[in-house]
Number of protein chains: 2
Amino acid sequence: MRRVGQTVETARELKHVVVREHVRKLVQGAAPGTPAPSERELVSQFGVARMTVRQALDALVVEGLLERMPGRGTFVARPRRQQTQVASFSEAVARRGQVAETVTLLARVEQAGPGVARALEVEAGSAIVHWRRLRRAGGEAICVQDVYLAPDVLPGVLESVMPESLYEALCLRGLRPTWSEDSIQADLASDEERELLDFAAGELAPVLRVSRRAVHGERVVEVSRSAYRSDRFTLYLQLGPSS
Amino acid sequence: MRRVGQTVETARELKHVVVREHVRKLVQGAAPGTPAPSERELVSQFGVARMTVRQALDALVVEGLLERMPGRGTFVARPRRQQTQVASFSEAVARRGQVAETVTLLARVEQAGPGVARALEVEAGSAIVHWRRLRRAGGEAICVQDVYLAPDVLPGVLESVMPESLYEALCLRGLRPTWSEDSIQADLASDEERELLDFAAGELAPVLRVSRRAVHGERVVEVSRSAYRSDRFTLYLQLGPSS
DNA sequence: CAGTGGTCTAGACCACAGT
DNA sequence: CTGTGGTCTAGACCACTGG
């Protein structure tokens with residue numbers, strides 16, 4: 001995983017890296033259960049020591065690409081169940097086979113209120129970007145979202161066309177969120193939300209409120225509050241082991 | 001991670017395991033940044049080869065307990081941010097510093113309906129356990145939960161006192177969920193839920209509906225539907241990187 | 001039985017950090 | 001400079017699997 005001792009050039013390939021990438025290519029796209037070359041086979045093929053081959057294969061095992069079966073051999077692992085990861089609205093909608101649409105309702109510089117300031121880790125009252133969007137999918141209104149950004153996260157956003165996907169824009173700046181903290185509650189839509197989300201008059205209007213704080217490394221890159229029409233959007237989670 | 005070649009006994013300790021556990025004890029509770037013994041130090045201390053020591057330390061690095069710094073040494077890693085893991089109501093409440101209370105409203109054998117049967121991966125109409133509970137914390141009603149279990153998951157539960165914590169009971173059977181799939185929606189409480197959750201007459205009653213399917217290995221151990229009073233219970237999530 | 005992965009040894013040279 | 005971790009070798013014996 002850690003590439004050390006590599007110089008400015010493409011770096012003369014370390015042997016265990018050569019073997020690892022060779023095996024990775026062999027294995028990519030292969031059906032789970034397909035046998036990988038045996039360790040001794042790779043030893044003679046590459047003319048390296050067995051420990052070197054093991055180091056290469058160990059990395060692929062940790063990655064979850066291979067599985068060792070003592071006494072049997074090394075095989076392509078069946079893909080492990082995935083934990084839910086930080087995803088943007090656009091990505092969540094895409095996973096449902098639809099395309100996200102965005103209508104910018106508001107995009108301007110404001111003074112940070114105390115709650116937002118704390119979440120963004122900036123001084124209360126300092127200038128931040130407030131971006132309010134109505135998000136649609138399949139022609140239906142799904143969600144009203146207020147995003148708050150530190151001004152240096154996407155400098156000059158307000159001067160150009162607002163991007164369709166916030167996460168795509170962050171990605172281009174190398175600031176794709178690596179972690180997020182979300183809190184989720186049920187509530188009833190406000191009058192403004194009722195209208196934006198196309199609730200009929202008198203219709204009961206439960207919404208899912210999601211507050212997100214997303215960070216890249218040590219930097220808070222997004223603070224947002226969203227209200228989802230939950231009859232049009234269900235939140236799915238896959239969670240991993242607790243041990 | 002994988003313990004192979006160990007016989008019925010406590011198994012004669014493998015050297016790399018001895019070293020690993022020795023270092024683990026040294027390191028446990030130490031502040032992040034604390035240096036671990038150097039590899040050569042451990043070599044002379046245990047009279048083993050350096051590769052053996054490296055194997056031991058590698059395991060702790062993968063666990064996230066140690067961090068290597070080339071040219072500097074090996075150090076206690078600062079705890080990595082944790083992804084949210086599959087947790088029980090009791091655990092979630094305990095994390096908030098309260099104690100979960102449980103009132104069993106219903107516990108009996110029923111015939112599986114089509115939806116529950118599919119989720120539990122049993123034949124429709126076959127016998128399953130249906131367990132309905134009111135869950136409280138700090139004296140307040142938090143959640144109404146319907147749990148459906150395959151009969152062989154907790155054999156004889158209905159004949160004894162119902163456990164306080166389902167996950168604890170599953171744990172004792174070696175069936176603690178390793179994965180869960182949850183879907184989350186906002187809704188309004190039904191009349192029965194309104195009463196159980198102490199909503200006042202005429203009070204607006206938004207609830208968070210969580211459907212969970214929890215598995216241990218290949219076995220579905222829990223299917224449940226819960227309705228949370230979201231003014232008394234907020235769902236928190238920490239999600240990891242998407243790359 | 002032969003072949004597999006799991007463990008282990010006793011050395012070696014390298015790049016890098018700190019002094 | 002010394003000490004660290006990163007890489008690598010050329011063997012070895014073991015327990016296990018399958019035929």
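Below, read A as the first sequence line, B as the second, and so on, with proteins coming before strands; counting in each chain starts at 1.
Looking at the side chain of B:K15, the nearest of the listed nucleotides C:dT9, C:dG5, D:dT7 is C:dT9.
A:L65 contributes atom CG, which lies 5.5 Å from atom CG of A:L60 (distance to the nearest 0.5 angstrom). Distance check, rounded to the nearest 0.5 Å: CZ of B:R54 to CZ of B:R68 gives 4.5 Å.
Nucleotide C:dG6 holds its P atom 12 Å from the CG atom of B:L14, rounded to whole Å. The nearest whole Å value for the distance from the CG atom in A:L42 to the P atom in D:dT9 is 13 Å. Summarising the geometry, the separation between CD on B:E13 and C1' on C:dT7 is reported as 14 Å, rounded to the nearest angstrom. Per the geometry, CZ belonging to A:R20 stands 14 Å off P belonging to D:dG6, to the nearest Å. At whole-Å resolution of the value, CZ in A:R54 and C1' in D:dA12 are 14 Å apart. Between B:E39 atom CD and D:dC8 atom P there is a gap of 15 Å when expressed in whole angstrom units. Counting to the nearest Å, the C1' atom of D:dG6 and the CE atom of A:M51 are 13 Å from each other. Between A:E67 atom CD and C:dG6 atom P the separation is 12 Å, expressed in whole Å.
A:R72 has a side-chain polar atom (N or O) that falls below the 4.0 Å cut-off from OP1 or OP2 of D:dG18. In this model, the phosphate group of D:dT4 is not approached by any side-chain N or O of B:T74 to a distance below 4.0 Å at OP1 or OP2. The side chain of A:R50 places no N or O atom within less than 4.0 Å of a non-bridging phosphate oxygen (OP1 or OP2) of D:dT9. Note on B:S38: every side-chain N or O is 4.0 Å or more away from OP1 and OP2 of D:dG3.
A residue-by-residue look at B:V48 and A:A36 shows that A:A36 has its nearest nucleotide of DNA chain C further toward the 5' end. Residue whose closest nucleotide on DNA chain C sits further toward the 5' end, between A:D58 and A:G71: A:G71.
Summarising the local packing, CZ of A:R118 is surrounded by 12 or fewer heavy atoms from other residues, nucleotides or ligands at distances under 6.0 Å.
Listed by chain and residue number, nothing satisfies the salt bridge (charged side-chain N to carboxylate O under 4.0 Å, His left out) test with A:E41 (two or more places apart in sequence, or in another chain).
Test B:V19, B:V27, B:L26, B:V43 against B:P37 for side chain to side chain contact (heavy atoms under 4.5 Å, CB included) and you get one pass: B:L26.
The side-chain heavy atoms of B:D152 and B:R219, taken from C-beta on, include a pair separated by under 4.5 Å. Side-chain contact check for A:E222 versus A:V153: every heavy-atom pair is 4.5 Å or farther apart.
Scanning atom types as modelled, one donor and one acceptor separated by under 3.5 angstrom connect the side chain of B:R40 and the base of D:dG5.
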Report summary line: Dot-bracket for DNA chain C, 5' to 3', Watson-Crick and G-U pairs with both distances under 3.5 Å, [ ] for crossing pairs, | for partner on another strand, reads ||||||||||||||||||.

